[in-house]
Amino acid sequence: MSELHLEISKVGIDFPTPKGPFCALQDVNLKISKGEFVSLIGHSGCGKSTVLNIVAGLYQATTGGVMLNGREVNEPGPERAVVFQNHSLLPWLTAYQNIELGVKRVFRGKKTKAEMREWIEHNLELVHMTHAMHKRPDEISGGMKQRVGIARALAMEPEILLMDEPFGALDALTRAHLQDSLMEIQTALGNTVIMITHDVDEAVLLSDRIVMMTNGPSATVGEILDVKLARPRNRLELADDPEYNGYRTAVLRFLYEKQKKVEPIAPKRAEKAAEKDSSKQVA
Amino acid sequence: MSESTTVIPTVSSAKAASKFPTALVSKISPAKLRDIVLGTCLPILGLVFFLLFWHVGAQHIKTSLGTFPGPKEVVTQWNNLVAEQKDEYAREAAFYERQEKRNAEALKEDPNAEIKVREYNGRPTFFNKIQTSLFTVLSGFILATVIAIPMGIVIGLSQSLYRAFNPVIQIFKPVSPLAWLPLITLVVSSVYVSEDPMFSKSFIISMLTVTLCSMWPTMINTAVGVAGVSKDLINVSRVLRLDWLTHVRKIVIPSSIPMMFTGLRLSLGIAWMVLIAAEMLAQNPGLGKFVWDEFQNGSSDSLGRICVAVLTIGVIGFGLDRTLLAIQGYVNWDKSAVVR
């Protein structure tokens, strides 16, 4: 657990806007060990997704950098698989084909066709989606789409799994269900995970560490909370657990007392526009 | 149906009847029924109104070739054209029969006799001309598509290329086929020289005119479609580090198919319009030449025959568009999408 895996050091990013550069992140530092489950939590617009996109290589940091296993990250790659908020499955491919696309890319020349097939089916099984593997995304529910999205990411055997509010768009029951599945998978595979969330319970339940971010502009890491609850964790048992509730309160206190969002609407828009702008350039 | 309407008055019998033939009627809600009735009646009403207007209006137009033909004369001319086609078939059959007989006799007299098999060389009928037109327009359209879609994809993938080529496309897009034709005619006449040409010059000229005029909408729409691929999907492609070809095949093309087909439909519409003009001037033996010949012919039947051609051109144009729509429905991954 102590082996240093991913290091985010002094990361800052400016987005160009018509009024000059907009500093979304400043001096973000974070060290993550192998097999750790880290959540990023903060108010919307605080730059959580930007951090994740920088780690994924989709955005380039203006200052500082990200190192994975001692190598600098400066472009996207399958060893840092992303589970997108809105699943981002290709709507013209079936669940199986969506996963196959990544598997073919990663395991070309390393696995035979039959092995790939087995591997894809194995990953679908992990997320309990074998029954719908030949269905297209518009034929399955939102929760199922997200399961396939997770399977696609897992099937690439990533060194680190980046999840951008993976359950944000789901209803509470489906979300709980998928959180349990994710815990199960993480226990079995021991993946390193960075997950963005705005759900306090989700953060406490799933994480080894919760990274709380301050509000933007120039957002950065505010506090880091170590969650030392024993695994496997059970949401029902934990509901009355004083330790669990202690962690929960700590996060809530950070979000609603220390970083209480005094909402000036206009700057937030500017940030959105800036993100849009930069994404165009990236694309 | 009649049964159900007669039994409805009393409640009990209505219940009993609802199990029986009314089941079919009761499934169709009143709103849907109204929709169906209006959907069939209104187009028919429009058509009837048009025919009436045509019939009455035509009688008031006097031309140098007599009164403008009404619907009735046009139907007569259609029948004449069909009859001519049948005559032509009969003549063809007779020709081959005679030839076979002659050859058989020649062989009988002298088994080593040289046998001549000639092909029947009749004048192209109206229906032959339709075939020629269809063949020409499809050749031109397919050539345009083969050029326009790859170009559109390449241009759409790069913002710089798009900016560079957009003015060129916008300049050529509105050029009339009649302006292209002299240039194409001269170029083809000097370049396409062969002792035994596979295609006639008039065909090549008409086809190239169609291609040049019809490829722009496909190119622009493909480029716009490609440029508009969802950013999320592009991110997926980047994370998977897909190579260029896989990226284009698996992500770019499927997501720009709807825009591509919008372009293709516009292109095919233009192609068909352009073709008629091109055939008139290039003398390709298709519908355009048919109209031109009838116009030059100037008999009392000519106007009626031109009207037949006009309607035929309209119907075929409509048919071409529907065909493309059906292909789109087949090719498009999103079967729930409403294409119209």
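In this text the structure is predicted, and so the values were computed from the model without any measurement.
- Contact annotation for Ser230(B): neither backbone nor side-chain heavy atoms come within less than 4.5 Å of a heavy atom of chain A.
- Among Asn53(A), Leu93(A), Leu89(A), Leu90(A), the residue making the largest number of heavy-atom pairs under 4.5 Å with chain B is Leu90(A).
- Within a 6.0 Å sphere centred on CE of Met273(B), heavy atoms belonging to other residues, nucleotides or ligands number 12 at most.
- Using a 4.5 Å cut-off between heavy atoms, Ile251(B) touches chain A through backbone and side chain atoms alike.
- Heavy atoms of Ala81(A) lying under 4.5 Å from chain B belong exclusively to its backbone.
- Atoms CZ and CG, from Arg105(A) and Asp243(B) in turn, are 6.5 Å apart once rounded to the nearest 0.5 Å.
- Of all non-hydrogen atoms in Pro76(A) and Arg241(B), the two that sit nearest each other are O-NE, 2.9 Å.
- Considering every non-hydrogen atom in both Ser88(A) and Val236(B), the closest pair reads O-CG2, 3.4 Å.
- For the set Glu79(A), Lys104(A), Arg152(A), the count of heavy-atom pairs under 4.5 angstrom toward chain B peaks at Arg152(A).
- Within 6.0 Å of atom NZ in Lys135(A), 12 or fewer heavy atoms from other residues, nucleotides or ligands are found, so the atom counts as exposed in its surroundings.
- Annotation: the span from Asp164(A) atom CG to Asn235(B) atom CG amounts to 10.0 Å, rounded to 0.5 Å.
- For the atom pair CH2 (Trp92(A)) and CD1 (Ile253(B)), the distance works out to 10.5 Å, reported to the nearest 0.5 Å.
- Contact annotation for Gln97(A): neither backbone nor side-chain heavy atoms come within less than 4.5 Å of a heavy atom of chain B.
- Here Asn98(A) contributes atom CG and Leu240(B) contributes atom CG; the two are 9.5 Å apart, rounded to the nearest 0.5 Å.
- Contact residues of residues 142-165 of chain B toward chain A are absent (heavy-atom distance under 4.5 Å).
- Atom CD of Glu118(A) has 12 or fewer heavy atoms from other residues, nucleotides or ligands within 6.0 Å.
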